[in-house]
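Structure, as structure tokens:
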Amino acid sequence: MTDTPILHIDMDAFFASVSIRHRPELRDVPVVVGAGGRGVVLSATYPARACGVRSGMPMRRALRLCPRAVVVSPDSLGVQSVSSAVMETFRSVTPLVRALSIDEAFLDVSGAARRFGSPEQIGEQLRARIADEQGITCSVGVAPITTVAKIASELAKPDGLLVVRPDEVLGFLHPLPIETLWGVGKKTAARLHRLELVTVADLAHTPVSTLQHALGPVAGAHLHRLAWGAGSHTVTPRASIQEPERTMGHQETFGRDTDDPILIRRELLRLSTRVAARMRRGGVVGRVVVITVRFSDFRTITRSRTLRETTDLAADIYAAAAELFSVLRPRARIRLVGVRVSGLVAAARAPRQLVLGARDPGWFEAERAVDQATLRFGSTVVRPAALIGSRRP
DNA sequence: TCTGGGGTCCTAGGACCC
DNA sequence: TCTGGGGTCCTAGGACCC
């Protein structure tokens, strides 16, 4: 046992680093990863950041700030396979790995001390291995609790490692600005600033009731605990069968705002088809269909419908999505539509209801055949008739 | 400077049931 | 006649994270 067993490991500028690995001549050039047109910056190398480019920024603005930047499309990079390889490297040290996103994970290394050394040594070994095997750098936070390890890795960036020992936790946390805490974004920070709270110490020494009044009972109590160094002392890997993802969805911004209902319905069908295929691949079914509509003024609404039975069929998902859209009667032009299914459960565990007049089982067969054909021949081979010959605007 | 796409979790009101 | 309290589900929106 060690007293600082939690590692948080975070790749440095992940997408941008992978693009440099592919094209070493870009090493000292500003590189911006993202889609063109109306996209935003996914990731930028440090030379690009020196020009003021930040992730989340509209691409157009980034290129205005840094006209000589090289733009790389994220699709071409194969980041998923790099991510999988990195996670495998983590698992070679401990089974207690929890991926938080494509490029970061928590590790509990308390059981790995005898084979690999102290948490700090393990962190350095993993950094060296990832640099060696993947050609990218990462940063590591080492702490007794998850929340603190996460902050430590952020402060260690780029290409660093930071250890926070148990007796250092409060001394480490309290001088930090409140925005550093996980879950404190723009709006929450603004509310706290109105109470003249600036540092984590300020937060810690404010009565819980005051925070709850400002932020709500759950968020207020949660932040107060975080300010006193609360967090998990261990890491539970996600067991995909018992704990499937809770929602799955896709959305897409049109190249140009539109009010053409045929175009919009066609897009809803395309998105429904993608979501359903992914659900079947993941072995999940769901009951709640949610559509998202974003208007040209960026106002965004959602509409949802709970189905009588769970499904993983595009036909069901699209039927609900189209029905939800048809009652909207939007007046403004539309910028984006999305389709999402929530209330997901593992298909094997879903209650099988025998309903009178139940759906023709032919649908199951048809959509599974599509899955098979797609697997063998690619996604353009089989698709709904309404999508044939269509190009997105 | 005109703002992506993938998610998670919380809140709050109303329906409905006991 | 003017009135309860709790629990759960559904729906919509919002904040946040990467």
Side-chain angles (χ1 to χ4, degrees), chain A residues 8 10-16 32-44 52-66 73-75 79-80 83 98-105 147 150-151 153-154 157 178-192 212 214-223 226 238 243-257 271 274-275 278 282 287-308 320 324 327-328 335-344:
Chain A
H8 180 262
D10 198 349
M11 304 301 121
D12 300 325
F14 181 54
F15 284 70
V32 178
V33 180
R38 306 216 271 185
V40 300
V41 175
L42 257 171
S43 176
V53 175
R54 296 287 177 270
S55 57
M57 175 183 283
M59 279 301 253
R60 288 196 179 127
R61 186 181 173 205
L63 289 175
R64 219 168 292 139
L65 286 169
C66 193
S73 156
D75 307 326
V79 283
Q80 190 55 59
S83 172
R98 177 85 170 202
L100 294 184
S101 71
I102 193 164
D103 70 339
E104 58 173 325
T147 47
K150 171 126 170 101
I151 295 172
S153 73
E154 192 60 40
K157 276 185 178 301
I178 46 177
E179 292 86 342
T180 321
L181 294 179
W182 215 41
V184 179
K186 252 185 169 170
K187 307 273 176 162
T188 305
R191 281 187 204 170
L192 296 172
Q212 290 179 314
L215 306 173
V218 175
H222 177 67
L223 275 195
L226 281 188
R238 183 186 281 261
E243 202 187 345
E245 275 157 300
R246 290 173 173 57
T247 75
M248 274 189 197
H250 289 293
Q251 58 179 44
E252 195 149 301
T253 299
F254 293 109
R256 196 176 295 143
D257 297 351
L271 295 168
R274 284 176 64 194
V275 173
R278 193 146 66 91
R287 263 185 82 207
V288 185
V289 176
V290 188
I291 65 166
T292 302
V293 177
R294 176 168 296 152
F295 299 103
S296 49
D297 64 358
F298 222 70
R299 192 170 63 92
T300 307
I301 60 167
T302 62
R303 291 293 180 268
S304 66
R305 156 153 312 166
T306 302
L307 308 178
R308 288 180 55 207
L324 285 166
V327 299
L328 262 186
R335 179 187 178 88
L336 161 152
V337 288
V339 175
R340 177 166 293 278
V341 179
S342 68
L344 298 187

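Sequence lines set the chain letters: A, B, ... in the order given, protein chains first and strands last, and positions in each chain run from 1. The figures here come from the full heavy-atom set of this structure, side chains too, leaving out hydrogens, waters and symmetry mates.
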Taking all non-hydrogen atoms of both residues, which atom of [X] and which atom of [Y] are closest, and how far apart?
X	Y	result
A:R38	A:G255	NE-O, 3.5 Å
A:Q212	A:P217	NE2-O, 3.1 Å
A:R303	A:L324	O-CD1, 3.5 Å

Distance-only, no hydrogens or angles: does the [X] side chain make a donor-acceptor pair with backbone N or O of [Y] under 3.5 Å?
X	Y	answer
A:R278	A:G249	yes
A:T292	A:V290	no
A:R335	A:T300	no
A:R287	A:L307	yes
A:S43	A:A16	yes

Output yes when at least one side-chain N/O atom of [X] is less than 4.0 Å from OP1 or OP2 of [N], else no.
X	N	value
A:R335	B:dC2	no
A:T253	B:dG5	yes
A:R299	C:dG13	no
A:K150	C:dC18	yes
A:R64	B:dC2	yes
A:R60	B:dC2	no
A:H250	B:dG5	no
A:S55	C:dC18	no
A:R340	B:dG5	no

Closest to the [X] side chain: [options]?
X	options	result
A:K187	B:dT3, C:dA15, B:dT11	C:dA15
A:D103	B:dG7, C:dC18, C:dA15	C:dC18
A:T306	B:dT8, C:dT11, B:dG6	C:dT11
A:S101	B:dG4, B:dT1, C:dC18	C:dC18
A:Q251	B:dG6, C:dC17, B:dT1	B:dG6
A:T302	C:dA12, B:dG5, C:dC16	C:dA12
A:V218	B:dT8, B:dT11, B:dG5	B:dT11
A:R303	B:dG4, B:dC9, C:dG13	C:dG13

Atom C1', compared across C:dG4 and B:dC16: separation rounded to whole Å = 15 Å
Base, sugar-phosphate alone, or nothing: which one does [X] contact when heavy atoms must sit under 4.0 Å apart?
X	result
A:V290	nothing
A:G216	nothing
A:M248	sugar-phosphate
A:T300	nothing
A:I301	sugar-phosphate
A:R287	sugar-phosphate
A:G249	sugar-phosphate
A:L100	nothing

Verify the stacking flag for A:F298 against B:dC2: centroid separation must be under 5.5 angstrom and the ring planes must differ by under 30 degrees.
-> no
Atom-to-atom span, [atom1] of [X] to [atom2] of [N] - whole angstrom:
X	N	atom1	atom2	answer
A:L271	B:dG6	CG	P	8 Å
A:E104	B:dG7	CD	P	16 Å
A:L328	C:dT11	CG	P	14 Å
A:M57	C:dC18	CE	P	17 Å
A:R98	B:dT8	CZ	C1'	11 Å
A:R294	B:dT3	CZ	C1'	8 Å
A:F15	C:dC18	CZ	C1'	9 Å
A:L324	C:dC10	CG	P	14 Å

Mate of B:dC18 across any strand shown (Watson-Crick or G-U wobble, both atom pairs under 3.5 Å) is C:dG5
When you match A:V40 and A:R278 each to their closest nucleotide on DNA chain B, which lands nearer the 5' end?
-> A:V40
